[in-house]
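Have a look at the structure below before the remarks.
As the structure is a computational prediction, the values presented were derived from the model and not from experiment.
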There are 2 protein chains.
Amino acid sequence: MAGSTPKFRRQSAAARRRALIDATLRSLERHGREGASIRRISAIAGVSSGLIHHHFRSRARLIAAAYESLATELQETLYRESADHGGSPRERLSALIRASFAPSILEPRILNVWLVFWSMVMRAPSMRAVHDRTYRRYRSILGRLLQAVGRSRGMRVRARPAAIALSALLDGLWIELCLSPGTFRPTEAVMLCESWVDALCGGALPQLLQPRKRRS
Amino acid sequence: MAGSTPKFRRQSAAARRRALIDATLRSLERHGREGASIRRISAIAGVSSGLIHHHFRSRARLIAAAYESLATELQETLYRESADHGGSPRERLSALIRASFAPSILEPRILNVWLVFWSMVMRAPSMRAVHDRTYRRYRSILGRLLQAVGRSRGMRVRARPAAIALSALLDGLWIELCLSPGTFRPTEAVMLCESWVDALCGGALPQLLQPRKRRS
DNA sequence: CTTGCTACTGGACGATCGATCAATTAGGCT
DNA sequence: AGCCTAATTGATCGATCGTCCAGTAGCAAG
């Protein structure tokens, strides 16, 4: 008899917000575009729909928070993976490239999540802000790594354009791999990125190097 | 008085289907993911909502037809642009790259359309089929062009991986330019693609060349 | 045990969705 | 001129959406 089982458990605002963000990401993975609804998210989180309005004032704010969470978490994963294989800069970059095409990242479900976010970037200024901030950080990581790789090869790499190109190559390959996994294999994607880096280090991409000082 | 103005004008099934497909694309451009609704599309087309069910049996079929239409139309535009500047293979490839970042293509609204389609590719097998077919054709165009460019430089380019890499680079840069146009300029994107092609032609991407015949 | 704060529930609301279909009507054919 | 066909309309259905809020109840402090 005793009402030993409470109907719900109270949690701190911070813990509940985190749980709701995680539920949002899981819902988007599972149901794609339709997973962005308040009712599906709250069902996965195991709470009532009203609770979302209590902690986030609107659905849009929850989605934006989830976007920020996913982006930073992914960057931390890639950065950690890179640092853990911490030999030369070139080895760290290779580790980051391989990690970008690891099975857990390639999960096509995850592309669904990004597509939902991207489709909101152009309509909601707050989403645009999240995108700009996280992508700048991403390119900064890539740029520093590329510069270090170049320096160890005696090359002065222009971080910004090099990072833009490599991130575009990584993203483009990743998207196509998620959209139709049968087109080519993840190892080919890794090879294509490594080849580009090798070409950069070999001086074959002169536009991406600092112009040599010319005397007189 | 006189019922001189008919309430609607009948059209052939083919003409109406085409008009509805065009209205779908315009609706997706204007309203993003929310533009995929039957009512918005029919409103833009200036017809009743029931007419869509008459010509296409469901919303999904209309969307798939619109995807096919957009993809093939884009490919024809790029191919025509390439052929019109029909000097050397290298010039044709440059024209295609420049056309890929032309203002009309870079219109961020258009990314909205692609994002809606891509989000359906992983859930609807019919959309997956459209994607696979159109992307194979796209890579085929790029592959042949890259092979021709390589041949004119005395290189034997492996069409498949080269086309995969260049399409990924083009798409990745295009997506980022649409998502936040302020990050870098279209001319930089063109330069990054051209640099990659130059590296390929310069033999700096050996993995993308046919292995030289080795005797004895 | 009692009190009070607030995390939390769950249903009501109006809007909009895709699908459906009986009724209409435009426009070519005889 | 009248008919016939099929293109088109527009109302209707049940489902689902985001928002809102009055009320409930977990749980710590007193």
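Here B:Ser12 lies out of heavy-atom contact (under 4.0 Å) with every strand. Contacts of A:Arg16 with the nucleic acid, taken as non-hydrogen atoms under 4.0 Å apart, involve only primed sugar atoms and P, OP1 or OP2. Nucleic acid contact for B:Ile38: sugar-phosphate only, since backbone atoms but no base atoms lie under 4.0 Å from a heavy atom of the residue. Counting non-hydrogen atoms under 4.0 angstrom, A:Ala36 reaches the backbone sugars and phosphates but no base.
Atom CD1 of B:Ile63 is separated from atom P of C:dC17 by 13 Å (rounded to the nearest Å). Atom CD1 of A:Ile41 is separated from atom P of D:dT16 by 16 Å (rounded to the nearest Å). To the nearest angstrom, C1' of C:dT20 lies 16 Å from CZ of B:Arg59. Counting to the nearest Å, the P atom of C:dC8 and the NE2 atom of A:His55 are 4 Å from each other. When rounded to the nearest whole Å, the span between CD1 of A:Ile52 and P of C:dG10 equals 14 Å. Look at CZ on A:Arg39: it is 13 Å from C1' on C:dC17, rounded to the nearest Å. Here C:dG27 presents its C1' atom at 16 Å from NZ of B:Lys7, a figure rounded to the nearest Å. A:Gln11 has its CD atom 16 Å from the C1' atom of D:dA28, to the nearest Å.
Close to C:dA7, at under 4.0 Å from its OP1 or OP2, lies a side-chain N or O of A:His54. B:His53 has no side-chain polar atom (N or O) that falls below the 4.0 Å cut-off from OP1 or OP2 of C:dA19. Put simply, A:Ser48 has no side-chain N or O that comes within less than 4.0 Å of OP1 or OP2 on C:dC8.
One distance of note links CG of B:Leu20 with NE2 of B:His55; it measures 6.5 Å at 0.5 Å rounding.
Taking the six-membered ring where the residue is Trp, A:Trp114 and A:Trp118 present tilted rings, their angle falling between 30° and 60°. Relative ring orientation between B:Tyr67 and B:His131 is described as parallel, the plane-to-plane angle staying below 30° on a 0-90° scale split at 30° and 60°.
Map B:Val47 and B:Arg10 each onto its nearest nucleotide of DNA chain D; the residue landing nearer the 5' end is B:Arg10. Positionally, the nearest nucleotide of DNA chain C for A:Gly50 lies more toward the 5' end than for the other of B:Arg57 and A:Gly50.
Taking both residues in full, the closest heavy atoms of B:Cys178 and B:Pro108 are given as O-CB, 3.7 Å, listed atom of the first, atom of the second, then distance.
Comparing D:dG18, C:dG18, C:dA7 by their closest approach to the side chain of A:Leu51 singles out C:dA7. Closest contact between the side chain of B:Phe8 and the listed nucleotides D:dG10, C:dA26, C:dG11 involves C:dA26.
The backbone N or O of B:Ala65 lies less than 3.5 Å from no partner atom in the side chain of B:Glu68, so there is not a single donor-acceptor pair.
Residue side chain B:Arg9 does not reach the base of C:dG27 through any donor-acceptor N/O pair under 3.5 Å, judged by distance alone.
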